[in-house]
Amino acid sequence: QVQLSESGGGLVQAGESLRLSCAASGRTVSAYAMGWFRQAPGKERTFVAGINWNGANPRYADSVKGRFTISRDNAKSTMYLQMNSLKPEDTAVYYCNRFPSARVTPTPGNYWGQGTQVTVSS
């Protein structure tokens with residue numbers, strides 16, 4: 001089993017920054033791609049960013065390109081999402097996910113964290 005735990009969410013004003021963390025425990029995640037997803041009230045959960053097992057080839061949703069940066073530290077079994085220039089439309093619960101392979105895939109894996117709330121006020 002893999003346990004994922006997100007942290008770092010909060011309430012910020014538009015234009016400010018936040019850094020989310022996802023700590024993994026249990027079975028190793030270092031051999032798998034990892035990603036961030038988000039779900040706003042009344043909407044489906046959508047892909048935000050993903051990163052391959054070795055930190056290469058990060059991918060982003062168009063809505064966050066140039067503002068968000070995904071990274072990982074396999075030695076610490078931790079993944080990060082640096083979010084800059086936040087907008088009210090970034091408000092959502094952010095979830096981390098372990099993809100089912102070493103590279104980012106179109107569909108997420110079965111392991112999810114509990115989520116962390118990000119609220120951006122205008």
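Since this is a predicted model, take the numbers as computed values, not measurements. Residue numbers run from 1 in the order of the sequence given.
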Which pair of non-hydrogen atoms, one from Pro88 and one from Ser122, has the smallest distance, and what is that distance?
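Nearest heavy atoms, Pro88 then Ser122: CG-CB, 3.8 Å.
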Inset, instruction - Kindly give the heavy-atom pair with the smallest separation between Val29 and Arg72, and that separation in Å. - result: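 Looking at all heavy atoms of both residues, the shortest contact is O-NH2, 3.0 Å.
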Expected output: side-chain [X] to main-chain [Y] donor-acceptor under 3.5 Å:
X: Arg103; Y: Phe99; answer: no
X: Thr91; Y: Thr119; answer: no
X: Ser63; Y: Ala61; answer: no

Separation between [atom1] of [X] and [atom2] of [Y], rounded to the nearest 0.5 Å:
X: Ser25; Y: Gln3; atom1: OG; atom2: CD; value: 4.5 Å
X: Glu89; Y: Arg38; atom1: CD; atom2: CZ; value: 8.0 Å
X: Arg59; Y: Lys65; atom1: CZ; atom2: NZ; value: 10.5 Å
X: Phe37; Y: Tyr94; atom1: CZ; atom2: OH; value: 13.0 Å

Only pairs under 3.5 Å count here: list side-chain donor-acceptor contacts from residues 105-114, not counting sequence neighbours, and write none if there are none.
| from | atom 1 | to | atom 2 | distance (Å) |
| --- | --- | --- | --- | --- |
| Thr105 | OG1 | Thr107 | O | 2.6 |
| Gln114 | NE2 | Glu6 | O | 3.2 |

Which pairs would a plain distance check flag for residues 42-57, meaning a side-chain donor or acceptor within less than 3.5 Å of a matching protein atom at least two apart in sequence or in another chain?
| from | atom 1 | to | atom 2 | distance (Å) |
| --- | --- | --- | --- | --- |
| Arg45 | NE | Gln39 | OE1 | 3.4 |
| Asn52 | OD1 | Val104 | N | 3.1 |
| Asn54 | OD1 | Ala56 | N | 3.1 |

**OP:** Give the C-alpha distance, both sets of side-chain angles, the deciding distance and a yes or no for side chain to side chain contact (heavy atoms under 4.5 Å, CB included) between Arg67 and Asp90.
**Re:** CA-CA 11 Å; Arg67 300 188 297 121; Asp90 294 319; 2.7 Å; yes
Note to self: Side chains of Tyr32 and Ser30, heavy atoms from C-beta outward: is any pair under 4.5 Å?
What the structure shows: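 Tyr32 vs Ser30: side chains apart.
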Q) Hey, does Ile70 have a side-chain heavy atom less than 4.5 Å from the side chain of Trp36? A)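 A side-chain contact under 4.5 Å exists here.
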In terms of hydrophobic clustering (I, L, V, M, F, W, Y; side-chain heavy atoms under 4.5 Å; direct or indirect links), are [X] and [Y] co-clustered?
X: Tyr95; Y: Leu4; result: no
X: Met34; Y: Val64; result: yes
X: Met79; Y: Val2; result: yes

Only distances under 3.5 Å count here; give the side-chain donor-acceptor pairs of residues 14-24 to other protein atoms, sequence neighbours excluded, each with its distance to 0.1 Å.
| from | atom 1 | to | atom 2 | distance (Å) |
| --- | --- | --- | --- | --- |
| Glu16 | OE1 | Gln13 | N | 3.0 |
| Ser17 | OG | Asn84 | OD1 | 2.9 |

For Tyr80, I'd like to know if atom OH has over 12 heavy atoms of other residues, nucleotides or ligands within 6.0 Å.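 More than 12 heavy atoms, drawn from other residues, nucleotides or ligands, come within 6.0 Å of this atom.
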